[in-house]
**Q** 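This structure is in structure tokens; I'll ask about it shortly.
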Amino acid sequence: MSMWGVWLAMAAAQALSPAQYPSPVELAVSPDGARLYIVCQGTDELVVADTRANSVARRLKVGRVPKGIALGPGAARVYVSNSWDDTVSEIDAASLAVLRTLHTGFEPTGVITDRAGAFLYTANRISNDISVIDLASGKEVKRLAAGRGASYLTLSPEGRRVYCTHIYPNPGRYRTPPQSEITEIDTATQRVIERQRVVNAAGMFHAAFSADGRLGLIAQIRPKNLIPLAHVAHGWVFGNSLAVFGQGIDGVVQVPIDELERYFAMPFGVAVDSARRLAYVSSSGSDVVTVLDLNRLLAAIGTTEHRALANDLSAAARYVAARIPVGRNPKALALSPDGTRLYVANRLDDNISVIDTSSRTVTATIGLGGPRELTPERRGERLFFTAKYGFQGHFGCASCHIEATIDGLEWDLEPDGFGIDIVDNRSLEQVGETAPFKWNGGNPDLETECGPRTEKFFYRSQSYSPEELADLVRYIKSIPLRPNRYRLPNGELTPAQERGKAIFERTRKKDGTPIAEPLQCPVCHSGKYYTNRQLTDVGSGKPTDRSPLIDVPHLTNVSLTAPYLHDGSAQTLEEIWTVFNPRDTHGVTNDLAKDGLNDLIEYLKTL
Amino acid sequence: MKKLALPGILFVLLARTAAPQDMPRFRWENFTTAEGLPDNRVYSVCVDGARIWAGTDNGLALYENGKWRSFHPADGLAHRAVLYLALDKKTGDLWIATMGGLSRYSAGRFDTFNQLNSGLANDVVYGVAVQGEYVWTATAAGASRLNTRTNQWSLFNERNTPMYEIWTYSVSPGEDKVYYAVWGGGLLEYDVKTERWKDYNDPDGETEIVLYKDQGLIHEITTSVSYVNQIVWVATYFGASRYDGRNWRNFLDKDSGLPSNFLNQVKSVDGTRTWFSTDKGLAYFDGRNWATYRPALDTRRPEMLVRDAAGKVTSVPVDSAPVHHYTFGVDFQGDDIWVATAKGVSHGMRIHQEVTSNDHRRRDPGVLVGDRH
């Protein structure tokens, strides 16, 4: 039996745990086109598919929640980033054995090697940086500052640059347009040499280049969070779009893929054919792959004022060549080397669509296994990530809660006038047991929060059925809790965290004066999730808020969820107290020296 | 022990072999607001390959491809007054100490850390240095250390170190030790392995009279520290000190080639060859001989003075000098040197002479002007 046959037999023998769904997110095709590598974040696997048979050939366990893949030079090595382990698995492509486990920054997502295979780069989503790993030694040799939510890496075709994109906008002044960046690294020096600012962009996802390197495309969303969400009917909530840059293009031009009455939400994957004629974009909230005619796209860019183009919902008609329906929540795209086939990772269908690029139809589907029955949580997950319930399919839960997290923005949600009741986008990890909901506690349970409230204020269309709503709530309550990077492996606290804990729990000021009970941290931030689920006035209300009473938020992974306070006006944890607590109304902190406040924050980072 | 011994040996060898005519000579090119600097008062210079950064009283300046351009608070800089600069040689990021916080400049983006939005101890940041993943700062309220990988700030002050005065002015890290010049508080040493602090103070207290020569730090009012090859150089307003881990040696204008006891910065090349930025010129010490570069204090004409080990002072004819005698700091670009002064930036381009010492002496004899200048 050939090695390939052995793998097929082993693949058949390997059974999945019934509770696990493969959830494919990333793809890579071998240079000969025979293998398709599939990263399955739900089952912690690298799955290898035989592209001739369109079937799974082998499954390989990697680290927890893998989210990125790269092929080394000659595709002899495969690198998979394990986002929950802060590692990369280096895999021998011939034997599919894990050779080494390389250590990275926090939550590595995108991974890439340089042309020579000398250095490996990972985009670290929650440490907001890029690890540079010397592949000879296997050691991280430097850490480069990226933007917030560094996530995806692309090597330019000639190999001189690595481009990093980010799922969150960079921190900015309160109530100013979001701004992301494209971070460019020189592979000769392993240094960041340029940061292209992308104004009004928040989430930026996969990037792709034409083979000649003259054109770059990035899937992105343009949230319009400074105006009331009531303007959904005017197309003014999200611009699902592409960032286009390269030779002959002045800066970064943003072009919509939406249409006047139909939106293609949450663009994620991008691929460009080798002839630079066509580009493909997956809309992960709309279950569609859009085909763009690049000549027509460049003509539109060349003849239209760029700012107007970004918001022109009629523009897509000029360059969209086709829309190809695929499976649920399509993520990464990969073209076969000869360009005849396009593979699409359908995360919430646990399969791969194989598109014939000439007929632009799905000609085969590669199933990845997993439970046949859908749990309520899985059904709810599908609801969470689809945009079909929003007005004209404009957006869904995951448009703001990107990959079930946050978007780093503050929003003007309700039709109460401009700038009234601004709200921070809260984390959903462990949110389920922290009722009531909404910044002012106005929604007693998640069913209200996600049902009538979402229908009325957000989607502006008939929303979920009662059964669907129950599933959605089940999913939200099951959103996995990412490991906290600030806790020591043995569960103990560092000296600074210990001191911070003592400050958090203190009942007296430094001079011995008792702290009134309502001002003691653990009174409001109490219980398993550090919230007493009550409303309280901590003095951070603004004149534009209807009420000074704020729902006490839970503090799970609080260090990852900036900005802070109910309206996102505090850019950092420090500002909660240095800027917004002048009268000790949000706990007593003004008797603390700076090192005491630092200790408190070190403790909060462990929660 | 070996590490300790090598610079000492170099020190002795250089002291025996160097000759006054071998002291480095430069052709000076000077830059002021006329050439594009945002301000003539320049506190710090920092070399990044072919690029030169300058911290001025009114913004950060970058010299690249023959032109200066400026960055100001409107661009994201923490404050207009830029006091010190440090380059992370691995990443190319520039760390910027200002009167209003700490900034990082990385490929066109400024990130600012201040006492309100971060764990930085104080917004008045006099000094900054990079040590691997750590960024050390010297602030008006003690030392702050940022772990750039975890964003943890660690503060060091009178509560957890022997720092009885918290006005830290300068920081110089090595792999094993980190040294702080504490203005009015002497020298502070942090042991990386033990995480313990130790202070070094003037054995005769704060008096300006040196009672115990070479028995310790020369003065408590320290302004700068440079730690290279296990050798610590300390600048004070009352002379300089050198410490090799065992012995102290102190330098005053009256018994060395220092043009002044008022030192703004000391920066050592290798523990022996060392540059001093003073209020009366830029000084260089090669372990035996001294040189001073400046416009003459009286005539303003370019001046280079060399003082040999015997105390003889020679004036070497030169046709250029740093733009001003009041110097704040230096950085090195190969054999060249860049100087921050109160009246602009100076670029000293090293003149390499391919002549023997005798030829050099015959063609360029210099002028003997006395035992001391």
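Predicted, not measured: the structure shown is a model, and the values here were computed from it. We name chains A, B, ... by the order of the sequence lines, and we start the count at 1 in each one.
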**Q** To the nearest 0.5 angstrom, please state how far the OG1 atom of Thr148(B) sits from the CG atom of Leu144(A).
**A**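 Rounded to the nearest 0.5 Å, the OG1-CG separation comes out at 10.5 Å.
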
**Q** Can you tell me if Arg487(A) has over 12 outside heavy atoms packed within less than 6.0 Å of its CZ?
**A**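 Correct, the count exceeds 12.
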
**Q** Just by distance, no angles: are the side chains of Ser106(B) and Arg195(A) close enough, under 3.5 Å, to form a donor-acceptor pair?
**A**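 A pair is found: one side chain offers a donor N or O, the other an acceptor, under 3.5 Å apart.
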
**Q** Any salt bridge between Asp93(B) and Lys142(A), counting N to O under 4.0 Å?
**A**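 Looking at Asp93(B) and Lys142(A), the cut-off is not met.
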
**Q** Of Asn598(A), Leu597(A), Ile601(A), which is the lone residue that meets side-chain contact (heavy atoms from CB on, under 4.5 Å) with Trp153(B)?
**A**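 The residue from Asn598(A), Leu597(A), Ile601(A) that satisfies side-chain contact (heavy atoms from CB on, under 4.5 Å) with Trp153(B) turns out to be Asn598(A).
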
**Q** Where do Asn117(B) and Glu574(A) come nearest, in terms of heavy atoms and distance?
**A**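 Closest approach of Asn117(B) to Glu574(A), heavy atoms only: O-OE1, 3.5 Å.
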
**Q** So what's closer than 4.5 Å to chain B heavy atoms on Ala562(A): side chain, backbone, both or neither?
**A**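 The answer is neither part of Ala562(A).
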
**Q** With chain A, which of Gln115(B), Arg104(B), Gln152(B) has the greatest number of heavy-atom pairs at distances under 4.5 Å?
**A**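 Among the listed options, the one with the most contacts to chain A is Gln152(B).
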
**Q** Where is the tightest heavy-atom contact between Arg191(A) and Lys89(B), given as atom of each residue plus distance?
**A**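 It is NH2-O, 2.9 Å.
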
**Q** Which one wins on heavy-atom pair count under 4.5 Å against chain A: Leu116(B), Asp88(B), Asp111(B)?
**A**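 Heavy-atom pairs under 4.5 Å are most numerous for Leu116(B).
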
**Q** To the nearest 0.5 angstrom, please state how far the CZ atom of Arg149(B) sits from the CG atom of Asn128(A).
**A**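 Here the interatomic distance stands at 14.5 Å.
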
**Q** Is the shortest side-chain heavy-atom distance between Arg159(B) and Asp595(A) below 4.5 Å?
**A**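 Touching, per the 4.5 Å side-chain cut-off.
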
**Q** Checking heavy atoms, do the side chain of Val132(A), its backbone, both or neither come under 4.5 Å from chain B?
**A**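 For Val132(A), there is no contact with chain B at all, as no heavy atom is under 4.5 Å.
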
**Q** If you tally heavy-atom pairs under 4.5 Å against chain B, which of Lys605(A), Gln571(A), Arg197(A), Gln190(A) wins?
**A**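 So the answer, after comparing Lys605(A), Gln571(A), Arg197(A), Gln190(A), is Lys605(A).
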
**Q** Check this for me: does any side-chain nitrogen of one of Glu181(A) and Arg109(B) sit under 4.0 Å from a carboxylate oxygen of the other?
**A**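 A salt bridge is present here (some side-chain N lies under 4.0 Å from a carboxylate O).
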
**Q** Can you confirm whether more than 12 heavy atoms, excluding those of Lys139(A), are under 6.0 Å from its NZ atom?
**A**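 At most 12 heavy atoms, drawn from other residues, nucleotides or ligands, come within 6.0 Å of this atom.
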
**Q** Name the option with the most non-hydrogen atom pairs under 4.5 Å to chain A; the candidates are Asn151(B), Leu155(B), Asn122(B), Leu120(B).
**A**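 Heavy-atom pair counts peak at Leu155(B).
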
**Q** Top residue by heavy-atom pair count (under 4.5 Å) with chain A, among Gly132(B), Ala121(B), Ser144(B), Ser118(B)?
**A**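 Looking at each option in turn, the highest pair count goes to Ser118(B).
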
